[in-house]
Peer 1: 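Below you will find the structure I want to go over with you.
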Amino acid sequence: QVQLVESGGGLVQAGGSLRLSCAASIPIFSINAMGWYRQVPGKQRELVARIFRGGTMYHADSVNGRFTISRDNAKNTVNLQMNSLKPEDTAVYYCNALHSGEVGGRLYDYWGQGTQVTVSS
């Protein structure tokens with residue numbers, strides 16, 4: 001029911017910046033939570049940042065202070081501003097949405113296709 005499309009990935013030098021965007025097919029104010037995950041081959045997918053419907057934000061310790069999640073309700077997009085990038089940040093980044101069709105219903109995970117971020121040393 002929710003389609004997510006990421007954009008903004010690419011190749012950058014260490015210390016550089018990228019801004020990832022995730023466009024949702026429904027108004028994001030109706031989505032319980034949206035977030036960004038990343039995954040490196042051979043490793044588990046990890047939560048990078050999340051923003052809840054009420055505006056509360058979470059950032060993983062590994063990116064806190066460097067990455068910032070934000071949203072634009074008018075454009076139905078969630079963004080991830082990534083500054084001071086490190087080679088360790090190299091991964092495929094996935095947009096995620098937690099959504100239920102009705103109050104009290106089960107929350108389901110929806111995923112974008114992923115966008116590659118590569119940070120060179």
Side-chain angles (χ1 to χ4, degrees):
Q1 190 174 353
V2 182
Q3 286 79 52
L4 305 170
V5 180
E6 305 103 327
S7 62
L11 173 64
V12 298
Q13 300 272 33
S17 298
L18 282 175
R19 181 181 174 89
L20 305 183
S21 294
C22 173
S25 62
I26 66 173
I28 61 172
F29 61 74
S30 68
I31 299 175
N32 295 72
M34 297 191 70
W36 290 93
Y37 288 72
R38 66 187 182 187
Q39 188 168 30
V40 176
K43 296 183 178 180
Q44 291 184 323
R45 187 172 297 186
E46 65 172 343
L47 175 64
V48 176
R50 174 173 284 160
I51 184 167
F52 293 88
R53 179 157 47 191
T56 302
M57 292 177 287
Y58 163 84
H59 297 86
D61 289 343
S62 59
V63 305
N64 197 31
R66 300 187 297 119
F67 293 8
T68 303
I69 191 169
S70 63
R71 65 186 178 188
D72 186 335
N73 289 339
K75 297 181 178 180
N76 292 329
T77 60
V78 172
N79 304 306
L80 185 68
Q81 180 65 47
M82 306 187 295
N83 298 326
S84 301
L85 283 161
K86 305 174 181 180
E88 306 92 271
D89 296 319
T90 295
V92 177
Y93 284 71
Y94 296 90
C95 183
N96 166 261
L98 287 174
H99 182 66
S100 176
E102 60 182 11
V103 176
R106 170 169 286 186
L107 291 171
Y108 292 94
D109 275 308
Y110 297 87
W111 297 93
Q113 81 285 355
T115 185
Q116 177 71 48
V117 171
T118 302
V119 184
S120 64
S121 58

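Just so you know, residue 1 is the first one in the sequence shown, and it goes up from there. Just so you know, these numbers come straight off a predicted model, no measurement behind them.
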Peer 1: What's the spacing between Asn79 CG and Asp72 CG if we round to 0.5 Å?
Peer 2: 7.0 Å
Peer 1: Over all heavy atoms of both residues, which pair between Pro27 and Asn76 is shortest? Give the atoms and the distance, please.
Peer 2: CA-OD1, 3.1 Å
Peer 1: At what distance, to the nearest 0.5 angstrom, does NZ of Lys86 lie from OG of Ser121?
Peer 2: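 Going from NZ on Lys86 over to OG on Ser121, the span is 14.0 Å.
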Peer 1: Rounded to the nearest 0.5 Å, how far apart are CG of Leu107 and NE2 of His99?
Peer 2: 9.0 Å
Peer 1: Same cluster or not: are Ile31 and Tyr108 linked, directly or through other Ile, Leu, Val, Met, Phe, Trp or Tyr residues, by side-chain heavy atoms under 4.5 angstrom apart?
Peer 2: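 Yes, because Ile31 and Tyr108 connect within a single hydrophobic cluster, where side-chain heavy atoms sit under 4.5 Å apart.
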Peer 1: Using every non-hydrogen atom in the two residues, find where Asn32 and Ser100 come nearest and quote the distance to one decimal.
Peer 2: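 Heavy-atom minimum between the residues: OD1-N, 3.7 Å.
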Peer 1: Kindly give the heavy-atom pair with the smallest separation between Phe52 and Ala33, and that separation in Å.
Peer 2: CD2-CB, 3.7 Å
Peer 1: Checking side-chain hydrogen bond (donor to acceptor under 3.5 Å, both in side chains) for the pair Gln81/Asn83: CA distance, chi angles, key distance, verdict?
Peer 2: CA-CA 6 Å; Gln81 180 65 47; Asn83 298 326; 3.0 Å; yes
Peer 1: For a 4.5 angstrom cut-off between non-hydrogen side-chain atoms, does Ile69 reach Met34?
Peer 2: no
Peer 1: Measuring only between side-chain heavy atoms, which start at C-beta, is Tyr58 closer than 4.5 Å to Leu47?
Peer 2: yes
Peer 1: Should Val12 and Leu20 be regarded as members of a common hydrophobic cluster, given that ILVMFWY residues are connected when their side-chain heavy atoms come within less than 4.5 Å of each other, either directly or indirectly?
Peer 2: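 Yes.
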Peer 1: Mind listing the closest non-hydrogen atom pair of Ala97 and Val2 along with its distance?
Peer 2: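 Scanning both residues completely, I find the closest heavy atoms to be CB-CG1, 4.5 Å.
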Peer 1: For the pair Tyr94 and Trp111, name the ring-plane relationship: parallel under 30°, tilted 30 to 60°, perpendicular over 60°.
Peer 2: perpendicular
Peer 1: Taking all heavy atoms of Ser84 and all of Asp89, pick out the closest pair and write down the distance.
Peer 2: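 So the two residues come closest at O-OD2, 4.4 Å.
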Peer 1: Evaluate the side-chain proximity of Asp109 to Leu98: yes if any heavy-atom separation is below 4.5 Å, no if none is.
Peer 2: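 Sidechains of Asp109 and Leu98: in contact.
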Peer 1: Is a donor on one side and an acceptor on the other found under 3.5 Å between the side chain of Arg53 and the backbone of Ser30?
Peer 2: yes
Peer 1: Measure the shortest side-chain to side-chain distance between Arg38 and Leu80 over non-hydrogen atoms and say whether it is less than 4.5 angstrom.
Peer 2: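 Sidechains of Leu80 and Arg38: no contact.
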Peer 1: Please tell me if the side chains of Glu88 and Val119 come closer than 4.5 Å, counting only heavy atoms from C-beta onward.
Peer 2: no
Peer 1: Does some side-chain heavy atom of Val117 sit less than 4.5 Å from a side-chain heavy atom of Met82?
Peer 2: yes
Peer 1: For Glu6, is there any backbone N or O sitting under 3.5 Å from a side-chain donor or acceptor partner on Gln113?
Peer 2: yes
Peer 1: For the backbone of Thr56 and the side chain of Arg50, can you confirm whether one donor and one acceptor N or O come within less than 3.5 Å of each other?
Peer 2: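 Here the side-chain-to-backbone pair does not exist.
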Peer 1: When hydrophobic residues are tied together by side-chain contacts of less than 4.5 Å, even through go-betweens, does Val78 share a cluster with Tyr37?
Peer 2: no
Peer 1: Please report the shortest heavy-atom distance between Gly54 and Arg71, naming the atom on each side.
Peer 2: C-NH2, 4.0 Å
Peer 1: Nearest 0.5 Å, what's the CG-NE2 distance between Asp61 and His59?
Peer 2: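 Rounded to the nearest 0.5 Å, the CG-NE2 separation comes out at 11.5 Å.
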Peer 1: How about Ile28 and Ile51: do any of their side-chain heavy atoms sit closer than 4.5 Å?
Peer 2: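 The answer is no; the side chains never approach within 4.5 Å.
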Peer 1: Does any N or O in the side chain of Gln3 come within less than 3.5 Å of the main-chain N or O of Ser25, such that one atom is a donor and the other an acceptor?
Peer 2: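 Not a single qualifying donor-acceptor pair exists.
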Peer 1: With a 4.5 Å cut-off on side-chain heavy atoms, are Gln1 and Tyr110 touching?
Peer 2: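 With C-beta onward as the side chain, the pair touches.
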